[in-house]
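These notes are about the structure you will find just below.
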Amino acid sequence: MAAGAGEAVVGCFRSMLAAVGLRGQPGAVEVQGSTGGMPGKVGDEGGPAVSHDLNIEGISKYFGPVQALAGVTFTVKAGEFVTLLGPSGCGKTTLLRIIAGFERSDEGHVRLGERLLDDLPANRRPVNTVFQSYALFPHLSVYANIAFGLRARHFAAAEVDKRVEFGLGMLQLDGLAERYPHQLSGGQKQRVALARALVNEPEVLLLDEPMSALDAKLRAEVQIEMRRLQRKLGKTFILVTHDQDEAMTVSDRILVMNQGRIEQIGTSSEVYEKPRNRFVAEFLGAANLIPAELVGPRTVQTALGMLELRADPRWERGTLAIHPERIEARRTPPKSNGVRVRVKDAVYRGDHVELLVEPGPLRVQAVPGINFEIGERLWLELPAERLEVLLD
Amino acid sequence: MWYGHWVSRRRLLGRATSLIASGILWLLLFLVLPGVVLVVVAFMSRDADGQIVWSATTENFRRLLGFGILGWSADNGWIFLRSLWVAGVTTLVAVGLAYPTAFFIAASSPRLRYVWLSLVVVPMCTNLVVRTYAWELLLSPQLPPSMFAAWLGLIEPGRALYPNPGAVYVGLASTALPFAVLPLYTNVERLDWAIVEAAEDLYASRTRVFFQAILPQTLPGLSVAVILTFVPACGMFVITDRLGGSNFWLVGNLIQQQFGPSRDIPYGSAVCIVLIVLTLLGLYLYRRRGKAIELV
Ligand SMILES: Nc1ncnc2c1ncn2[C@@H]1O[C@H](COP(=O)(O)OP(=O)(O)OP(=O)(O)O)[C@@H](O)[C@H]1O
Ligand SMILES: [Mg+2]
């Protein structure tokens with residue numbers, strides 16, 4: 001009831017403004033192919049009438065002496081779910097803010113289809129953001145929060161109502177319309193933030209670590225829900241995260257970033273199975289890195305012994321990567337690429353046993369059937385088709 | 001060892017009482033006592049020399065309501081209305097200037113911030129009368145402001161920019177400005193910019209961003225700023241006297257005249273009481289509306 005009065009005051013200001021004609025220009029937002037009627041559109045699986053690829057062309061950004069982005073280039077296809085994955089401080093948020101229009105790039109362009117977005121202010125871009133802190137308006141009800149973007153564009157009350165109701169239903173917020181943000185749980189806040197962005201039918205939805213405030217179980221549910229929602233709406237989603245599981249769960253493609261650069265772009269399985277370089281291999285799934293030296297055709301010398309490869313590497317000295325679960329631990333010698341090691345540590349993890357072996361040290365995930373003793377000597381098989389040759 | 005008895009209810013109460021005792025004494029001595037005296041004196045009258053005559057009467061309040069020897073006059077009503085109007089305009093001007101100032105200060109580097117804040121506060125260190133004379137000097141005929149106004153044809157050449165209502169507003173607003181800037185600045189400094197960006201992201205125009213994202217967040221500071229500028233502006237008399245001329249009368253001038261030239265202390269006390277009661281009433285209504293806003 002207290003909050004209601006607050007809104008009444010603001011509403012009062014709003015009508016005062018309207019009275020003196022101080023409102024923005026109707027239809028100032030340049031949304032292509034958005035002609036209202038979201039519910040109808042979403043219902044028949046077709047997605048929005050027109051959608052465009054998002055082109056990021058050589059974006060660089062400096063904060064004083066710090067280079068936050070160093071010539072980032074990529075394309076997100078219309079309707080694609082892309083994740084920006086990388087360690088803290090690698091420039092993910094900065095890139096998102098440049099796409100949203102909160103920050104200006106020092107070099108490069110952002111294009112939606114053919115249209116240059118660089119000079120469009122945030123409030124005129126057909127792009128919406130779900131903020132990490134959700135940034136819900138504390139003085140507005142859930143309904144008014146979701147209606148914010150529609151009212152700012154002066155949609156008719158009936159259309160606002162239709163879309164907000166649809167948004168509430170889509171994100172299972174029915175019955176919460178009259179609540180205020182401080183009366184919501186973390187998960188509910190997050191869904192309101194999503195609904196608030198989605199009812200505007202943006203061409204691109206940006207999400208900056210939207211799940212970091214949720215507990216692990218809820219996060220897993222929301223990830224799957226988010227994926228389903230994105231498929232259903234057919235919108236372009238760009239999600240920022242530094243959680244590789246999250247990235248793999250939700251995205252069509254993952255963009256691995258490090259120090260303002262893109263290290264690799266690819267589907268979840270591409271970046272996981274075929275990392276291009278040491279950074280990607282270590283960041284995704286914590287692969288074992290093995291320094292190696294080329295000694296013969298498709299044969300390298302390593303600290304573990306001689307190993308065979310699928311193909312000749314492009315270097316004389318370089319690195320191999322193999323995931324712990326791709327190594328087979330056994331008591332009998334394998335046919336090829338067998339390595340004799342000693343168990344240094346063994347940890348039971350339920351669905352697997354994690355072994356730390358020497359030399360290496362290598363991390364191995366073994367099936368829990370066989371009991372390995374610490375100090376025991378055993379054979380490992382590093383299959384040639386699982387040994388990835390890194391570029392550096 | 002158990003120390004719980006240190007924080008037992010009785011001990012806490014005792015300690016709290018001893019701590020606030022001096023404060024209570026202070027209030028008694030300098031607020032309650034004079035207040036009581038004021039109320040008592042307001043019901044007295046005076047003799048020809050201005051001495052208080054100790055016989056109870058409601059004459060002062062009748063006179064304040066406009067019933068004089070020459071019949072009823074609306075003069076006092078106009079003075080009160082004008083005071084409210086002038087205080088309102090002063091508040092609007094001061095708050096209107098304070099918003100951009102607060103944002104400017106909050107946006108500058110930490111070291112510069114304190115320079116700006118000091119510059120805002122420094123005028124408060126000088127005496128109000130001195131400051132008013134300074135304005136008189138500044139608005140005098142030979143100086144650029146007056147010459148510029150004359151060139152624009154706003155005043156006759158060779159005249160000063162005072163006395164007139166404009167000069168009063170300039171003087172009052174400049175006095176009120178620090179009291180508007182400081183509370184707003186403390187709010188602006190810890191503004192949640194994500195909410196401002198969210199409004200921009202959701203297609204809000206500049207005015208909508210201000211009224212929906214910035215104003216609600218700065219309401220607590222704004223309400224303090226309004227009180228700190230409006231209430232004192234109601235009782236100002238030096239500025240209106242010097243910069244407004246003899247026919248620009250506010251409640252402050254009315255009171256000052258009773259205690260000064262007219263030496264009618266009982267009547268002055270009555271005016272004071274009415275002003276205080278009206279102010280408290282206004283604050284009460286304001287709080288009742290404001291509480292709702294601050295809760296969210
Ligand atoms: N406003 C700013 N002023 C100065 N430096 C900044 C600013 N914003 C970001 N940076 C710097 O730019 C780099 C990239 O920051 P960014 O916020 O994009 O990282 P991030 O990938 O989002 O990290 P996180 O996962 O921790 O959110 C960092 O080195 C950061 O310190
Ligand atoms: Mg970030």
Side-chain angles (χ1 to χ4, degrees), chain A residues 1-14 16-17 22-25 28-29 31 97 100-103 121-140 144-154 180-182 193 196-197 199-200 202 206 208, chain B residues 88-89 91-92 95-96 99-100 103 107-112 184 187-188 190-227 282 284-296:
Chain A
M1 31 89 238
E7 196 189 352
V9 172
V10 177
C12 173
F13 275 119
R14 201 185 303 143
M16 272 160 54
L17 272 188
L22 262 177
R23 291 177 137 191
Q25 295 299 306
V29 180
V31 181
R97 290 172 59 80
F102 300 134
E103 209 93 62
N123 61 0
R124 298 181 61 186
R125 294 191 186 196
V127 172
N128 284 113
T129 307
V130 175
F131 292 82
Q132 179 165 8
S133 58
Y134 309 140
L136 300 178
F137 302 106
H139 63 288
L140 295 180
N145 261 284
I146 298 176
F148 192 98
L150 305 171
R151 286 178 174 163
R153 282 188 286 168
H154 309 290
Y180 281 81
H182 67 96
R196 183 177 75 172
V199 292
N200 298 295
L206 307 174
D208 193 354
Chain B
V89 172
T91 305
L92 266 181
V95 168
Y99 258 108
F103 273 96
S108 35
S109 70
R111 220 167 348 131
L112 264 179
L184 275 179
N187 266 208
V188 169
R190 51 195 169 84
L191 202 69
D192 183 354
W193 284 98
I195 288 180
V196 178
E197 285 182 347
E200 275 175 18
D201 190 59
L202 293 164
Y203 315 104
S205 59
R206 276 157 174 265
T207 37
R208 190 174 277 263
V209 168
F210 178 78
F211 283 102
Q212 297 282 8
I214 293 174
L215 185 69
Q217 286 195 68
T218 50
L219 265 186
L222 179 65
S223 75
V224 173
V226 166
I227 292 172
Y284 171 73
L285 293 176
Y286 186 76
R287 286 291 307 170
R288 266 224 323 210
R289 273 201 77 126
K291 216 182 274 167
I293 301 163
E294 275 166 41
L295 268 183
V296 285

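Only a predicted model underlies this, so the values are computations on that prediction, with no experimental measurement involved. Proteins come first, then strands; the chains are lettered A, B, ... in the order of their sequence lines, and each starts at number 1.
Proximity to chain B is limited to the backbone of A:L136, based on heavy atoms less than 4.5 angstrom apart. Contacts of A:T129 with chain B are made by both backbone and side-chain atoms, with heavy-atom separations under 4.5 Å. Contacts of A:V127 with chain B are made by backbone atoms alone, with heavy-atom separations under 4.5 Å and no side-chain atom involved. Using a 4.5 Å cut-off between heavy atoms, B:D201 contacts chain A through both its backbone and its side chain.
A:L206 contributes atom CG, which lies 10.0 Å from atom CZ of A:R125 (distance to the nearest 0.5 angstrom).
A:R153 and A:N200 share a side-chain donor-acceptor pair at under 3.5 Å.
Stacking of A:R97 on the aromatic ring of A:F102 is not recorded, the 6.0 Å distance cut-off and the 45° axial limit not both being met.
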*Determine, stepwise, if the pair B:F210 / B:Y99 fulfils ring pair (Phe, Tyr, Trp, His ring centres under 6.0 Å).*
CA-CA 11 Å; B:F210 178 78; B:Y99 258 108; 5.1 Å; yes
